[in-house]
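A short worksheet on the structure shown next.
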Amino acid sequence: MSQPSRIRIIIRGAVQGVGFRPFVYRLASALKLSGWVSNSAQGVLIEAEGAADRLQEFLVRIERERPVHASIHSLEYSFLDSIGFAGFEIRHSDSHGAKTALVLPDIGTCRECLAEIFDSADRRYLYPFTNCTNCGPRFTIIESLPYDRPNTTMRNFTMCLLCRGEYEDPSNRRFHAQPNACAECGPHLELWSPSGSTIAVGHEAMAGTVEALRSGRIAAVKGIGGFHLMVDALNDDAVVRLRQRKQREEKPFAVMAPSLDWVHQLCAVNPIEARLLSASESPIVILPRRNDHLARSIAPRNPFLGVMLPYTPLHHILLDQVRVPLVATSGNLSDEPICIDECEALRRLGGIADVFLVHNRPIRRHVDDSIVRVMLGREQILRRARGYAPLPIVVKHFLPGTLAVGAHLKNAIALVTKSGVFLSQHIGDLDNHEALTAFRTVIDDFERMFEVRPDRTACDLHPDYASTHYAESVPIRIQHHCAHVASCMADNDLDAPVLGVAWDGSGYGTDQTIWGGEFLLAESAGFRRVGHFRTFPLPGGDAAAKKPKHTAIGLLYEILGETAFDGSEPPLLRQALIRQVRTPRTSSVGRLFDAVASITGIRHDISFQGQAAMELEFAVAKSVGESYSYRVESRAALVVDWEPMIHEIHGDLINRIAIGVIAAKFHNTLAEIVVDVARRVGESKVVLTGGCFQNRYLTERTVHLLEDAGFLPYWHQRVPPNDGGIALGQAVISSTNLESVKEQPCVWQSRAR
Ligand code: ZN
Ligand code: ZN
Ligand code: FE
């Protein structure tokens, strides 16, 4: 873990003019790091090189030992290739870059505000809407720019004399704190019944919620970017009831823990994870679970737990009084966007929650909790929303005026302005009316907020994605997996040539097949599909994603013909395969995971996206080093044939080899395939992208094997490996090489059909 690497850190907040740069200089020098620090229009920029463990320490200590008057509102970093700096220097401030006002994300409660709300002598004692210039809502209350109180949802609250005094005093922590408020003049809490009648107000509303939660009832709690559904995480009956009412059978729930000590009790936490949990962004962090006494049905058969700490005064007070971890899941029915408005919440959550803890500070836009994990010593964002959106992603090349509408599932959009690529908050799966409305709203919202009327629109090649339908009549259509690869390249600041390994569930290919097991060589002129997995028939097409069993039958039919049928399969399925109706072929590795999960008996049906692959990953026996056979055939492109592996898995099943061993050998084989193909292609830089690389075991194993073989592996950091990262890839591709897009017959792009 101690190879030299470079880290790029962007810190936003009250960090300019408070001795921050000299502090960074001293810390970097003490840790023997080379590089530089500078102020820019974007915030404080740091690049540092050194051993990976020292860079980790650097990160943790920047946050912990920062100057007294410095306050960090946002800290994002990426690990990049080293350049070879000599010494560490304070660089002159960089006045380049557009000085546009950034819209800040919402910021978790700061230490000072926290101290006030728990100080019985303070005038803000137990006031749930306490904030200051260093913390509180931003993105979720802004109606238009500039960011001034009349342009926020706080405009209807007139500050009392004391609050006004703070707001106008340059020496006060609340000088120009736009959401400044107190119990006298600001928003207040109410507790409502499901029919919308008021049960209690103010402190009694909080007390009533605590009482309801303690007795196992479900509370809908209005937070900063929408409603949470909350329930006592130690009470299994209550959690089961929430699952039934929310129609969410098994998808893991996140937990809000009262304190970091509590998190340590529930999970194993390293210093980087502890920093992240307590950071201003306060995301959900995915952590390895300890044997705990949490309700069993929180995350069935899952060795990990998504945990966050309270991030608003309301949450701090609630958790302080409840004194147990709470399930805190988005207030919605499965797959719909989160609710933001009381009346909407009563309508949509009336059948789920027993009580509603609401308040009268309007939420201007929905923002879900972000999800992050630490893997291979680096952060990886799996869902980019609260705390991160709508900050720009730093990329080398971008063309202002581009709108990228993203994919269909896990949708997010990107708008390119003069200041960079602004990736929206997570929107969700565009399968239902609510999500489609949210999708259109976010696009209008971004265009208005950043004052950009896009003159070109990039979308997926898939003609049936709702996002593609939205795109204008002559959009730039970008092949899904090329967008994945471009996204991962941008995430790691890489230029072509790069070998992209894009593995996911499905994406529209250019050859009448569904892609998803792709090796794409990114060259300056475009992408070449240099390899892919052997295709097999997928009975029912995309619908098979919900039926691993059907996928397995399709895969077996490919190699065994009609002997694959054992009579247990529906006759229609058999007919579909034999007659090749509604049975597209796919090279998808995601579907290969599903098939193997079913063949090994782990899972035949799923209740949420990716469930079968996740359970196959969790089954892996870690100490197993063996793998299965496969073939690589050289045709127009390399074709990875999984048939020998399937026969060997069958043999292992007959020999009663443990499922954990089979799962490990399957994962190990996939990792070896990446190295094998990389050798044949001969490109040293290899990026790993697509939903399959949410699989921790697969990603770690592949990275280690690639490194051992002398390759340079890259994976996602600031944007998700899943389809949440597609919009960035679309934005980058349509920004960089527009001329060659028109002239070259690249696989990744074609004009409207
Ligand atoms: Zn504060
Ligand atoms: Zn006041
Ligand atoms: Fe994808």
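Quick caveat: nothing in here was measured; it's all calculated off a predicted structure. Read the numbers this way: they start at 1 and go in the same order the structure lists the ligands and their atoms.
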So with a 6.0 Å cut-off around CD of Q512, is the heavy-atom count from everything else above 12?
-> no

Compute the ring centroids of Y508 and Y465, then answer whether they are less than 6.0 Å apart.
-> no

Are Y167 and F175 an aromatic pair by the rule of ring centers under 6.0 Å?
-> no

Have a look around the Fe ion (ligand 3) and list protein N/O/S atoms under 2.8 Å, or say none.
-> H480 NE2, H484 NE2, D504 OD2, D723 OD1

Taking the Zn ion (ligand 2) as the vertex, measure the angle between atom SG in C163 and atom SG in C182; round to 10°.
-> 100°

Given atoms SG of C185 and SG of C160, what angle do they subtend at the Zn ion (ligand 2), to the nearest 10 degrees?
-> 120°

salt_bridge(R173, E116) N-O dist < 4.0 Å = yes

Side-chain ion pair, R718 and E76, N-O less than 4.0 Å | yes

SG (C113) to the Zn ion (ligand 1) to SG (C135): angle, nearest 10 degrees?
-> 100°

Angle subtended at the Zn ion (ligand 1) by SG of C132 and SG of C110, to 10 degrees?
-> 100°

Quick one: do Y125 and Y127 satisfy ring-ring contact (aromatic ring centres under 6.0 Å, His included)? Show the steps, please.
-> CA-CA 5 Å; Y125 180 54; Y127 181 57; over 10 Å; no

Do S278 and L309 come close enough that some side-chain heavy atom pair is under 4.5 Å?
-> yes

Mind telling me whether F519 and F533 have parallel, tilted or perpendicular rings, with 30° and 60° as the class edges?
-> parallel

